[in-house]
Amino acid sequence: MTVKNKYVCGIVFTIVIGYLIMGCGADDDNELDALYEELVGTYDLFRAEVTLEGESKLVLEPPDTTGTMTISSNQDLVQKLVVLGIPVSVTGIFEIDIDEGIMLIDNTESDLISKASYTWDGEILTTTLNLGTVLEKDFWRKQ
């Protein structure tokens, strides 16, 4: 193979690899966009499981815990809960990392960014927040 042929093969190889890399990124972007679109809506909290380090799991269901969560198309998230009679509100903007299976929620009312793992089956959104000494798993049903 001549130097010219090696050069041309090298360029073709680089272009093909570039298209493959861009194609994979485009698929991930399409998948992420579709997930954001699918998650838009209002959810009802129907179960919460809270485990304190060294304690048994506490399972809360209505009327002990109630709440709604709204996810908008611009990735705003609003949660309004009442847990054992105590109102809790979370407002923020979220991002999803599909590969890691996590949601990063930037709470607009504080400097806190929550990192929650999630699962979504098309109807139930489950979020799990591990704070080290507290593990909270919330089950949300889309309306």
Got I113 and K115 here, is their nearest side-chain heavy-atom distance under 4.5 Å?
-> no
Between V134 and V50, is any pair of side-chain heavy atoms under 4.5 Å apart?
-> yes
Transitively linked via ILVMFWY side-chain contacts under 4.5 Å: L45 with V88?
-> yes
Run the numbers on M69 and T42 for side chain to side chain contact (heavy atoms under 4.5 Å, CB included), then give the verdict.
-> CA-CA 6 Å; M69 175 172 59; T42 302; over 6 Å; no
Do L125 and Y43 touch side chain to side chain, with heavy atoms closer than 4.5 Å?
-> yes
List, by chain and number, the other hydrophobic cluster members for F139, where Ile, Leu, Val, Met, Phe, Trp and Tyr join if side-chain heavy atoms come within less than 4.5 Å, directly or indirectly.
-> F46, I124
Could you grab the distance from atom CG of L32 to atom CD1 of I98, nearest 0.5 Å is fine?
-> 4.5 Å
Taking C-beta and beyond as the side chain, do I71 and D76 meet within less than 4.5 Å on heavy atoms?
-> no
Hey, is E123 close enough to K142 for a salt bridge, meaning N to O under 4.0 Å?
-> no
Check: L104 and I102 side chains under 4.5 Å, non-hydrogen atoms | yes
Measuring from E136:CD to L52:CG, what's the distance to the nearest 0.5 Å?
-> 10.5 Å
For L81 and W140, the nearest pair of non-hydrogen atoms, with its separation, is CD2-CH2, 3.3 Å
Can you name the closest pair of heavy atoms from V78 and K80 and give their distance?
-> CG1-CE, 4.0 Å
Non-hydrogen atoms of T66 and P62 that approach each other most closely | CG2-CB, 4.2 Å
Answer with yes or no whether the hydrophobic clustering places V40 together with L35; edges join I, L, V, M, F, W, Y residues whose side-chain heavy atoms lie under 4.5 Å apart.
-> no
What distance do D138 atom CG and T65 atom OG1 have between them, rounded to the nearest 0.5 Å?
-> 7.5 Å
In Å and rounded to the nearest 0.5 Å, what is the CG to CD distance from D33 to E38?
-> 12.5 Å
Closest non-hydrogen atom pair, Y36 against E95 | OH-CA, 3.3 Å
Side chain to side chain, I93 and L77, heavy atoms closer than 4.5 Å | no
Mind checking the OG1-CD spacing from T70 to Q79? Nearest 0.5 Å is all I need.
-> 9.5 Å
Does E49 reach the side chain of L58, with side-chain heavy atoms less than 4.5 Å apart?
-> no
In chain order, what residues pass the side chain to side chain contact (heavy atoms under 4.5 Å, CB included) check against T108, with sequence neighbours excluded?
-> T91
Non-hydrogen side-chain atoms of L39 and W120 separated by less than 4.5 Å | yes
Residues forming a side chain to side chain contact (heavy atoms under 4.5 Å, CB included) with L129, sequence neighbours excluded | S114, A116, L131
E109, CD: over 12 other non-hydrogen atoms inside 6.0 angstrom = yes
To the nearest 0.5 Å, tell me how far R141 CZ sits from R47 CZ.
-> 11.5 Å
